[in-house]
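Each chain gets a letter, A, B and so on, in the order its sequence line appears, and its residues count up from 1.
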Amino acid sequence: MNVKLRVWRQKGPQTAGQFVGYEAKNINPNMSFLEMLDVVNEDLTKRGQEPIAFDHDCREGICGMCSCVINGEPHGPEYKVATCQTYMRSFHDGETITVEPFRAKAFPLIKDLVVDRTAFDRVIQAGGFVSVSSGSAPDGNAILVPKPDADLAMDAAACIGCGACVAACKNASAMLFVAAKVSHLNLLPQGKPEKDRRVLAMVTQMDEEGFGACTVTGSCEAVCPKGISLNFIAKMNRDYFGALFKAGPKPAAAAEA
Amino acid sequence: MNILLRLFTSSLGKKFLMALTGAGLFLFVIGHLVGNLQVFLGPESINRYGHFLQTTPEILWPSRIGLLAFVIIHIWTSISLTLENRTARVTGYEVKELVAASTASRTMIWSGLIIFAFVCFHLAHYTLLVVHPEFRDLQDAHGRHDIYQMLVLGFSSYWVSGFYVLSIGLLCIHLSHGTSAMFQSLGLKNAEYACAIDRFAKVVAVLIFLGYISIPIAVLAGVVK
Ligand code: FES
């Protein structure tokens, strides 16, 4: 099949960018979207032109590196699928496909379709961890986890941190990502000691990075390659206000510090 | 960190305040509707109700002050969040695909601001009586302010009724999204009853719409006169 591409090309953060047209000829419909870009890039390289820069790594939908807004939808037209697992058979022959980078102030553009998503890393660093005691290996069954909790935590942990939620949201809000990361640990007994501190710290970091707030439009959930549910945002809100309004007696040690 | 500071400065905190005040205003919208529907019971009923409210300052003033505070917080948080949301995306997309986002959810700020403009007019019209100062002199047989007559006269104007129906329509759209989003922002939604809340929001919004517009329609149709 043949498709026409309109790709956002921008040399660097400071230079102005524009859409450039390319033709992808003789494309196997069973190629992934990224393989199609590889073919285009090979051709560009042969002709001595700068290939299109795009992010990718695992190409099997688990690392969260691939991005791109394809025809106005982050990760393209298919439901619960990342760009790397979007196949050319999802498009029709002769179609013009517009490819843009994820757009958000918190995701500054690096080059062409590549954006800097380290804002997510900083949110994780703020609270996306559990404290473990070092020393000999703990007994595997020492902490009991109810199966439904483990399953729900697993659903939240399925988030690959690609940032499609931010890209799709009209407010460039990162709530779905942060909610998934907060819930994933807050649901488990291992995450309990830092539960309150975690949600407060991660939400504060999210705000500092300049993401917008949630209007509950549901776009994020709809484009999420892992189908993270909007209900995790409600859970994050619950945890946040729980942490905020909890005011038991303070330990004397906290008063001295 | 201080709770109040978090509530008034963080994104989640502002959403919380918006939802909480929204819940209060939602209850007011229902209470006000129930009060107004008394117009169908005849002049005696609604005039007695109006007289009771106007002569009971211990209910009237706390409600007024509370509502004003709620409106201020609701509007302040919405404008503040809207401005922050705007700056979160500097460069827009060439191709805009509205994935899953309903029109109601994308236009909350506009439906809200138009409803606010309507509320200002509505207060000037029926509470402050500045639009028709002669409404002040309407009295019923018991010497009470004749609210029934005031409603009939007020809604007899096509443009007053038209603006009213239009604004209530926007309120219906606003609430069809707002009521369910309110539960979400307060953290009171989960997989068990999320669908039920979404449906509840839509059904209640339509009921509120039908309830309110029944009054000007009844006046214009001559059912209430
Ligand atoms: S390249 Fe790893 S998820 Fe797409």
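- In terms of the side-chain contact (heavy atoms from CB on, under 4.5 Å) criterion, residue partners of Phe40(B) (sequence neighbours excluded) are, by chain and number, Leu37(B), Ser214(B), Ile215(B), Ala218(B), Val224(B).
- For Lys15(B), the part lying near chain A is the side chain, with the backbone staying farther off; criterion is any non-hydrogen pair under 4.5 Å.
- Interface remark: Tyr240(A) contributes side-chain atoms only to the contact with chain B (heavy atom separation under 4.5 Å).
- Side chain of Glu94(B) to main chain of Thr98(A): no donor-acceptor pair is present (N/O by atom type, distance under 3.5 Å, no hydrogens or angles).
- The local environment of CZ in Phe116(B) is sparse, with at most 12 non-hydrogen atoms from other residues, nucleotides or ligands closer than 6.0 Å.
- Annotation: maximal heavy-atom pairing with chain A below 4.5 Å, among Leu188(B), Thr91(B), Thr87(B), occurs at Thr91(B).
- In this structure, Arg199(B) places its CZ atom where only 12 or fewer heavy-atom neighbours from other residues, nucleotides or ligands lie under 6.0 Å away.
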Exercise. Are Leu12(B) and Met206(A) close enough, and set up right, to give a side chain to side chain contact (heavy atoms under 4.5 Å, CB included), and what steps lead you there?
Worked result: CA-CA 10 Å; Leu12(B) 260 59; Met206(A) 169 183 84; 4.0 Å; yes

Problem set entry | Check against side chain to side chain contact (heavy atoms under 4.5 Å, CB included), Ile233(A) and Lys189(B) | CA-CA 9 Å; Ile233(A) 299 183; Lys189(B) 224 173 172 187; over 6 Å; no

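- Using a distance-only test at 3.5 Å, with no hydrogens or angles considered, no donor-acceptor pair links the side chain of Arg103(A) to the main chain of Arg89(B).
- Here the closest heavy-atom approach between residue Val95(B) and residue Glu100(A) is recorded as N-OE2, 3.2 Å.
- With chain B as the partner, the residue from Val203(A), Leu200(A), Asp239(A), Val166(A) showing the most heavy-atom pairs under 4.5 Å is Leu200(A).
- Rounding to the nearest 0.5 angstrom, the gap separating the CZ atom in Phe241(A) from the CG atom in Leu7(B) is 7.0 Å.
- Taking the side chain as every heavy atom from C-beta outward, Thr217(A) and His177(B) never approach each other to under 4.5 Å.
- Counting heavy-atom pairs closer than 4.5 Å to chain A, the top residue among Ala104(B), Ala181(B), Ser102(B), Ser185(B) is Ser185(B).
- For chain B, no part of Cys220(A) is nearby; none of its heavy atoms comes within less than 4.5 Å.
- For Phe107(A), no part sits under 4.5 Å from any heavy atom of chain B, backbone or side chain.
- Among the candidates Met236(A), Met175(A), Arg6(A), the residue making the largest number of heavy-atom pairs closer than 4.5 Å to chain B is Arg6(A).
- The two residues Ala88(B) and Gly210(A) make their nearest non-hydrogen contact at CB-O, 3.5 Å.
- Side-chain N/O atoms of Ser10(B) and Asp207(A) include no donor and acceptor closer than 3.5 Å.
- The NZ atom of Lys105(A) lies 14.0 Å from the CZ atom of Arg86(B); values are rounded to the nearest 0.5 Å.
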Problem set entry | Derivation of the side chain to side chain contact (heavy atoms under 4.5 Å, CB included) call for Gln184(B) and Leu230(A) | CA-CA 9 Å; Gln184(B) 174 86 352; Leu230(A) 222 47; 3.9 Å; yes

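- A donor atom on one side chain and an acceptor atom on the other are not found under 3.5 Å apart for Thr215(A) and Arg106(B).
- When atom types are taken as modelled, the side chain of Asn85(B) and the backbone of Gly212(A) share no donor-acceptor pair closer than 3.5 angstrom.
- Counting heavy-atom pairs closer than 4.5 Å to chain B, the top-ranked of the candidates Gly242(A), Ala106(A), Ala172(A) is Ala172(A).
- Separating the CG atom in Asn231(A) from the OH atom in Tyr193(B) is a distance of 9.5 Å, to the nearest 0.5 Å.
- Pairing each heavy atom of Ala100(B) with each of Gly218(A), the nearest pair is CB-O, 3.7 Å.
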Problem set entry | Derivation and outcome, side chain to side chain contact (heavy atoms under 4.5 Å, CB included), residues Phe245(A) and Ile3(B) | CA-CA 7 Å; Phe245(A) 291 114; Ile3(B) 291 187; 4.0 Å; yes

